[in-house]
Amino acid sequence: MTSPFFLSVAIAAPIPKLFDYLPLAETDMSHYQAGLRVSVPFGSRVLTGVIVSIHQNPQYDPAKLKPISELLDATPLLPNDVYKLGHWLSEYYHQPIGECLSLLWPVLLRKGEQARASKQTFYAPTPNQPDASTIKRAPRQVDLLEHMKQPNQQTGQWQKDLVKAGFTPTIINGLVDKGFLEKQERDSFQPIKGECSHTPLTLNQEQQQALTCIEQNQGFKSFLIDGITGSGKTEIYLQAIAPHLQRGKQVLILVPEIGLTPQTVQRFAQRFDADVLLLHSKLNDRERLDAWLMASKHGLNAGRGQIVIGTRSAIFTPMPNLAMIIIDEEHDQSFKQQDGVRYHGRDVAVVRAKTLDIPIILGSATPSLECLHNGLSGKYQYLRLTQRAGSASMPELQILNIKKQAVHHGLADSLLKPIQDTLDKGQQVLVFVNRRGYAPTLYCPDCAWIAECRRCDAKMTLHQKPAHLHCHHCDSKLSIPRQCPECLSHKIQAMGAGTERLETHLQYQFRNTPVIRIDRDSTQNKHAMEELLEPVHKGEPCIIVGTQMLAKGHHFPKVTLVIMINVDSGFFSADYRAMEKTAQLILQVAGRAGREKDKGVAVIQTEFADHPMLHLLKEESFHALSLALLDERKHQHLPPYGFQVLLRADCHQPKEAEMFLHRVRQLLNQHQQGLNLPQVSMIGPLPAPMELRAGRFRSQLWISAHQRKVLHYFIGMVLKDIYEVKGFHKVRWGLDIDPVDNI
Ligand code: ADP
Ligand code: ZN
Ligand code: ZN
């Protein structure tokens, strides 16, 4: 007997279609609905999928269909807006629906686990405490009772913490048996409880205007706050979300990968009587699921507002009472997913806000040209903050031409005196260099040999702590050769400077001053960054040497001198976005200086002191530079005035990826003629800027059009044929819609 109905299931596989399954025996239609997870046999494996529809017309012979293995949920776990977002992702990014829907779930749910929060044992004092004399002959029980009375622990303690404090289960159970303590099972994931200890600041005029605009709005609208570092954007976010939290609603705040610092979190927690949930990459799978469930179960009855602060993927958090979305540092590259479904968290957020008919605030000191364009054209409400809030003023930008300078270990000698002067004033110095390791190059002066990675078109970085050669692209490590492998010369040496080298040099020059290095190597452990930064926060004179990790979210009131080394390497990149990114970086870093009453100086040490863009940035502003860049883009029909899709392919065999793209290009040419779409232009296949990476040869094909609609129509029409290109089963390929880099 054939089934009266069939389940169409989305499975996370790189195949752009749905799969039909039979329902379980002895179930009927009422057991199923779209959005429920199921586990299904798929080839030799059992995978988790999502029911997308229930229907009566299977695509294949129903006799050959298999039943699902298990129905995992009784009700859909995703609210409708998130589920819809998954479908939007698939459509807009032209990615398989199964992969897009699977993005929406925390890892454990993708693996088919139950949607249950983890519990842990908790002991709370009973409301009516028995007479203490009943335990006077059990001194350890008396100790425990005392321990529980410490001021901040009156509501009780986790079993694991009591055990850590030296109390055995026997002691604890003793108090339970006698009625002093009550054993409970509580959710092990607890939100950060807001303290409501800080009151709102009185806004300045610009801030007030911006806030009024936001407050007067109802329903969906995108606001772009273009405000220099320290102009009080965060204060506006805080005041903008306040009324929503008071009504017990939820707000979602997206921050860049490295912007989620304890300082950021504290500012939100200190302001509101609300729960704060963090969703970041350092959570383990269990914690992530617990936090996810907590957000998804938010009820209005509790009356408590809830703030979810997270990085890119937090945009998919189910939040039934979501009232506002904020994206801080909107321009940040970490909002763009760089593999699989290459979505842009910012753009997804705008779509989600639109679906929910709620406002979204995008903030940046250096807005992306895309958002600025939307702001200037009126698509977004454009709000500008031009002054630093409070008493601080913007640091002065200075350009130091190192072509005319003596430079040692990467640093111009002439900067040693300003560093000393700053330290003498009891202030701090930040030296920014966006390269970790000792030196970017190890080379032989006798034969010009350079240590290169065998698996990438890239140089190996020389590290000294510990000593080795390291490829930052594929993670290959090698020991440092004692002599040149080509000519056996013993003179091989480091060229250029990274964080380690500057740290060593500065520590040698300023022997009695702490020099603190902050980069990915020095901050691998969970709390390393905060520990390293302790002297900085204490306000002692010190020198911080660090990479981009420092450029965001940190507040260093005592830093008044910022030195930027090698930021200008982006000026001559083949990437048309390089200038925009470089200018953003310069301002982000410069913005670390002079955030309080002492005026700051930011020195750009450069070989290209005459570069016109650098002068525009120094003499005018980032805004002026952005307008100039927008003008250039307009003439060249580049984003935001044109739209692009990048088709990337790679293979560990040379030429294969390129040949695949040649084949694709032929198909696309045919389609283009057939569809009569001369507006679409194509370039490639071209080798990727780094052609060989991690042992794979990489090739690219660019497809673009002046209108987004035309481009997406074209991609939609050709996609099926690309999937069906035969003979290249070793080639990996992927579409990048609205690419932000070409690496
Ligand atoms: P941004 O997010 O734009 O970098 P913040 O909101 O962090 O700016 O503000 C920078 C500093 O100025 C913070 O120390 C903040 O407390 C302070 N600040 C912000 N708004 C005001 C205001 N209206 N009056 C006084 N100080 C303010
Ligand atoms: Zn040599
Ligand atoms: Zn490599």
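First listed ligand is number 1; within each ligand, the first listed atom is number 1.
Each of the following atoms of ligand 1 lies closer than 4.0 Å to a heavy atom of N204: 23 (N). Close contacts of ligand 1 with R267, meaning ligand atoms under 4.0 Å from a residue heavy atom, involve 5 (P), 6 (O), 7 (O), 15 (C). Taking a cut-off of under 4.0 Å to the non-hydrogen atoms of G232, the atoms of ligand 1 that pass are 1 (P), 3 (O), 5 (P), 6 (O), 8 (O), 9 (O), 19 (C). Below 4.0 Å from some heavy atom of A389 lie the following atoms of ligand 1, by number and element: 12 (O), 18 (N), 19 (C), 20 (N), 21 (C), 27 (C).
Around the Zn ion (ligand 2), the two atoms SG of C484 and SG of C487 are separated by an angle of 110°, to 10 degrees. Between SG of C447 and SG of C444, the angle at the Zn ion (ligand 2) works out to 110°, rounded to 10 degrees. With the Zn ion (ligand 3) as vertex, C456 SG and C474 SG subtend 110°, rounded to 10°.
The Zn ion (ligand 3) has no N, O or S atom of H473 inside 2.8 Å of it. The Zn ion (ligand 3) has no N, O or S atom of H472 under 2.8 Å away, backbone or side chain.
Among K233, E329, Q207, the residue whose heavy atom lies nearest to atom 20 (N) of ligand 1 is Q207.
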Query raised in the report: Going through the checks in order, is the side chain to side chain donor-acceptor pair (under 3.5 Å) test met by E580 and S368?
Result: CA-CA 8 Å; E580 178 189 357; S368 62; 5.1 Å; no
Report task. Just do the salt bridge (charged side-chain N to carboxylate O under 4.0 Å, His left out) check on D736 and K336 with the steps written out, would you? Result -> CA-CA 10 Å; D736 191 348; K336 173 90 197 248; 2.5 Å; yes
**Report entry** Evaluation steps, side chain to side chain contact (heavy atoms under 4.5 Å, CB included), between D575 and K581
**Finding:** CA-CA 10 Å; D575 178 1; K581 290 177 197 164; 2.8 Å; yes
Query raised in the report: For Q548 and N434, what are the C-alpha separation, side-chain angles and deciding distance, and is it a side chain to side chain donor-acceptor pair (under 3.5 Å)?
Result: CA-CA 6 Å; Q548 199 157 355; N434 218 4; 3.0 Å; yes
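Here the closest non-hydrogen pair linking K599 and E396 is NZ-N, 4.2 Å.
By the 4.0 Å heavy-atom criterion, G230 is counted among the residues contacting ligand 1.
Checking only distances, T229 never comes within under 3.5 Å of ligand 1, N or O to N or O.
Within 6.0 Å of NZ on K465 lie more than 12 heavy atoms contributed by other residues, nucleotides or ligands.
A salt bridge does not link R648 with D650: none of the charged nitrogens is closer than 4.0 Å to a carboxylate oxygen.
The aromatic rings of H463 and H472 stand perpendicular to each other, their planes meeting at an angle above 60°, with 30° marking the opposite boundary.
By the criterion of a heavy-atom distance under 4.0 Å, the backbone of T202, and not its side chain, is placed next to ligand 1.
With hydrogens and angles left out, the side-chain atoms of Q588 and E329 include a donor and acceptor closer than 3.5 Å.
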